[in-house]
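Below, read A as the first sequence line, B as the second, and so on, with proteins coming before strands; counting in each chain starts at 1.
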There are 2 protein chains.
Amino acid sequence: MQISEVAKKFGMTPDTLRYYEKEELIGPIEKGKNGIRNYTEKDMQRIQFVKCMRAAGLEISFLKRYIKLLDEGDNTIKERKEILVEQRRILKEKLDAMQEAYDKLNMKIDLCDKFSLRSSGRENK
Amino acid sequence: MQISEVAKKFGMTPDTLRYYEKEELIGPIEKGKNGIRNYTEKDMQRIQFVKCMRAAGLEISFLKRYIKLLDEGDNTIKERKEILVEQRRILKEKLDAMQEAYDKLNMKIDLCDKFSLRSSGRENK
DNA sequence: ATATCACTTGGAGTCAGCTCTAAGTTAATA
DNA sequence: TATTAACTTAGAGCTGACTCCAAGTGATAT
């Protein structure tokens, strides 16, 4: 599959895909003799993973480190787990902070509703 | 309360507090005749709010807009609610994406554990 | 043959959100 | 009185993650 098609499939730009490859989050992607990238099913699984993690705000430096270890094979599992556990911790903290903000937003929205009710109530007297 | 004290209280730097003030997320903070900021209880409530929202990733441009409306009074409630609802929607999407990544991380960590168990089991034969 | 199109590269530019620097003022301490 | 420390300002610099640009290549359509 060619770069623009893959980009479309994942809702990102070819630029971003090339950038991720340069940063070694994906690939290196095989190229035909014309120099054009041809993405395999496996490449796309990795893109899927990277996209998911990036959408959650995980840093590129982490992903790079992790994927390097992945490619090094089974004897990096212990280290990989440590990295994953650390990222999970960071992610959990962010999730909690966001949940707190979410609740606060909900409260504020409720207050707006209450205010509107009260004042429309007064109008109808 | 003086800037460095407030900064410490909220775990941020004086620079950030001055930056937020310049961007009109807080204040304007009253200054003594020496030109030094003196934060009131009300200022700090707003700092608290801004900090919470920023920690959840809400943009400064939104906070600025929202706080401007707040200061304009009751007849901006409808517009404020619209903004809040929109931000809630954005935040919800991010929360879901992060939850998905969180689950994926957990799965990967489980896989690491299983692998370690299996190989240590083999070792003990 | 020539134009169009999607691709390639290296490197520069952009953006949000801080973060730091330099130069200056003021109040308290040695 | 001189130093120190905490504050002030305007504005420059930094970081992460893209995003864009210019110049070039190669395959296809007219």
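- Rounded to an integer number of Å, the gap from B/Tyr19 OH to C/dT21 P is 19 Å.
- Atom CD of A/Glu21 and atom C1' of C/dG10 are 14 Å apart (whole Å).
- Taking atom CG of A/Leu17 as the reference point, atom P of D/dA17 lies 16 Å away to the nearest angstrom.
- Rounded to whole Å, atom P of D/dC18 lies 12 Å from atom NZ of A/Lys51.
- Between the CE atom of A/Met12 and the P atom of D/dA17 there is a distance of 13 Å, rounded to whole Å.
- Nucleic acid contact class of A/Arg18 (heavy atoms, under 4.0 Å, all strands): base.
- Side-chain N/O atoms of B/Ser61 include none lying less than 4.0 angstrom from OP1 or OP2 on C/dA16.
- Between B/Gln2 and B/Lys22, it is B/Gln2 whose nearest contact on DNA chain D lies nearer the 5' terminus.
- Going from atom CG of A/Leu63 over to atom C1' of D/dA17 covers 12 Å, rounded to whole Å.
- Side-chain N/O atoms of B/Asp113 and B/Ser116 include no donor and acceptor closer than 3.5 Å.
- In this entry the distance linking NZ of A/Lys8 with P of C/dA6 reads 11 Å, nearest Å.
- Side-chain contact between A/Glu59 and A/Gln87 is absent, with no heavy-atom pair separated by less than 4.5 Å.
- Both the sub-6.0 Å distance and the 45° axial angle are not jointly satisfied by B/Lys108 relative to the ring of A/Tyr66.
- Computed from coordinates, the A/Glu23 CD to D/dG16 C1' distance equals 10 Å when rounded to whole Å.
- Because its NZ or CZ atom is not both nearer than 6.0 Å to the ring centre of A/Tyr20 and within 45° of the ring axis, A/Lys64 does not count as a cation-pi partner of that residue.
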